[in-house]
Amino acid sequence: MLPMDRIRALLLEHDDPRHLERPADFDLDSSRDSFARLVSALKERFGPSCSDGLAQDASFYGVIDVPADVTGLGRPMRVVMSNFGGYFVTARLLVGEETPSGEAALTEEFVTWLDGVCTAAGCTFVPAELLCESYDGPTVLEAHRDAELLAALVAAGEVAEDEDAEGEVGKADWHDRYFEYM
């Protein structure tokens with residue numbers, strides 16, 4: 001795996017405030033090919049119960065979900081490929097249906113394997129913990145920075161009061177930049 005400082009440099013290098021959903025030079029054919037390679041490798045390793053899907057109106061291309069019963073870790077896992085960085089890929093175990101786990105970690109063996117798969121597919125593996133680092137550029141989730149809007153959404157019942165408990169209003173991280181819906 002690339003050193004964390006080099007990955008941070010790549011995250012900064014590919015941050016283009018004018019293109020939040022995908023870079024100006026986005027190549028659909030290349031993205032499709034890289035994602036197909038990731039899906040194929042994960043299905044080869046974990047079997048056909050893995051599911052995949054493409055994203056729309058997002059800064060990421062697609063996701064591959066691996067069910068808990070085949071991860072060997074007792075939790076489902078999600079692997080996500082960004083539209084940026086030629087392409088950034090991350091993986092997390094999930095606590096619930098779509099909630100990332102902060103306590104359970106991927107095995108070193110799996111991270112090494114996924115990093116190799118990413119390299120072969122023309123992608124860069126980005127550890128989830130690095131994506132939790134603060135991001136101060138424009139975010140695809142500008143609404144989460146607005147305390148007044150968040151209070152109105154809570155009052156309307158659209159957002160649970162504790163839904164933003166992981167991050168503070170006004171704060172964004174690298175996951176928000178490269179792996180979120182618009």
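For the numbers below, each heavy atom of this structure counts, side chains included, while hydrogens, waters and symmetry mates do not.
- The shortest non-hydrogen separation linking Leu73 to Ala105 is CD1-O, 4.3 Å.
- Looking only at side-chain heavy atoms (C-beta outward), Phe179 and Asp173 stay at 4.5 Å or farther from each other.
- No donor-acceptor contact under 3.5 angstrom links the side chains of Tyr178 and Asn83, judged on distance only.
- Between Ser59 and Asp176, the closest heavy-atom pair is OG-O, 4.4 Å.
- Applying the side chain to side chain contact (heavy atoms under 4.5 Å, CB included) test to Glu13 and every residue at least two apart in sequence or in another chain returns Arg6, Leu10.
- A salt bridge does not link Glu133 with Arg177: every distance from a Lys NZ or Arg NE/NH1/NH2 to an Asp or Glu carboxylate oxygen is 4.0 Å or more.
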Quiz item: Can you check salt bridge (Lys or Arg N to Asp or Glu O under 4.0 Å) on Glu129 and Arg8, steps first, answer last?
Solution: CA-CA 12 Å; Glu129 58 269 15; Arg8 280 186 194 93; over 6 Å; no

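- Inter-residue side-chain proximity for Met4 and Leu130 is flagged as met; some heavy-atom pair is nearer than 4.5 Å.
- The two residues Phe125 and Asp115 make their nearest non-hydrogen contact at CB-OD1, 3.6 Å.
- You'll find the side chain of Pro67 stays beyond 4.5 Å of the side chain of Pro76, heavy atoms only.
- Thr124 contributes atom OG1, which lies 11.5 Å from atom CE of Met81 (distance to the nearest 0.5 angstrom).
- Closest approach of Pro127 to Ile7, counting heavy atoms only: CD-CD1, 3.9 Å.
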Exercise. Report the C-alpha separation of Glu108 and Val111 in whole Å, then their side-chain angles, then the decisive distance to 0.1 Å, and conclude whether the side chain to side chain contact (heavy atoms under 4.5 Å, CB included) test is met.
Key: CA-CA 5 Å; Glu108 187 175 330; Val111 168; 5.7 Å; no

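- Taking a 6.0 Å sphere around CD of Glu44, one finds it holds 12 or fewer heavy atoms contributed by other residues, nucleotides or ligands.
- When all heavy atoms of Leu11 and Trp174 are compared, the pair lying nearest together is O-CZ3, 3.6 Å.
- Contact check for Val80 versus Arg78: side-chain heavy atoms found under the 4.5 Å cut-off.
- Judged by distance alone, with hydrogens and angles left aside, the side-chain atoms of Ser31 form no donor-acceptor pair with the main-chain N or O of Tyr61 at under 3.5 Å.
- Residues Met77 and Leu106 form a side-chain contact, since some pair of their non-hydrogen atoms from C-beta on lies under 4.5 Å apart.
- Ring-plane geometry between Phe110 and Trp113 is classed as tilted, the angle between the planes lying from 30 to 60 degrees on a 0 to 90 degree scale.
- If you take OG1 on Thr90 and CG on Leu131, they are separated by 4.5 Å, rounding to the nearest 0.5 Å.
- In plain terms, the two heavy atoms of Phe35 and Gly62 that are nearest each other are CE1-C, 3.4 Å.
- The CG atom of Leu28 sits 11.0 Å away from the CG atom of Asp33 when rounded to the nearest 0.5 Å.
- Two residues are said to be in side-chain contact when any heavy atoms from C-beta on lie closer than 4.5 Å; Cys50 and Val66 meet this criterion.
- In this structure, the side chains of His175 and Glu180 come closer than 4.5 Å at one or more pairs of heavy atoms.
- Comment: Asp52 engages Lys43 in a salt bridge, judged by a side-chain N to carboxylate O separation of less than 4.0 angstrom.
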Quiz item: side chain to side chain contact (heavy atoms under 4.5 Å, CB included) between Cys118 and Tyr87: does it pass, once the steps are laid out?
Solution: CA-CA 9 Å; Cys118 288; Tyr87 303 90; over 6 Å; no

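- Proximity of Val126 to Val89: side-chain heavy atoms (C-beta onward) are nowhere separated by under 4.5 Å.
- The main-chain N or O of Ala36 is never found under 3.5 Å from a side-chain atom of Ser40 such that the two would form a donor-acceptor pair.
- Taking the six-membered ring where the residue is Trp, the centroids of His14 and Phe88 are separated by under 6.0 Å.
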Exercise. Give the intermediate values and the outcome of side chain to side chain contact (heavy atoms under 4.5 Å, CB included) for residues Ile64 and Leu38.
Key: CA-CA 8 Å; Ile64 304 116; Leu38 287 172; 4.1 Å; yes

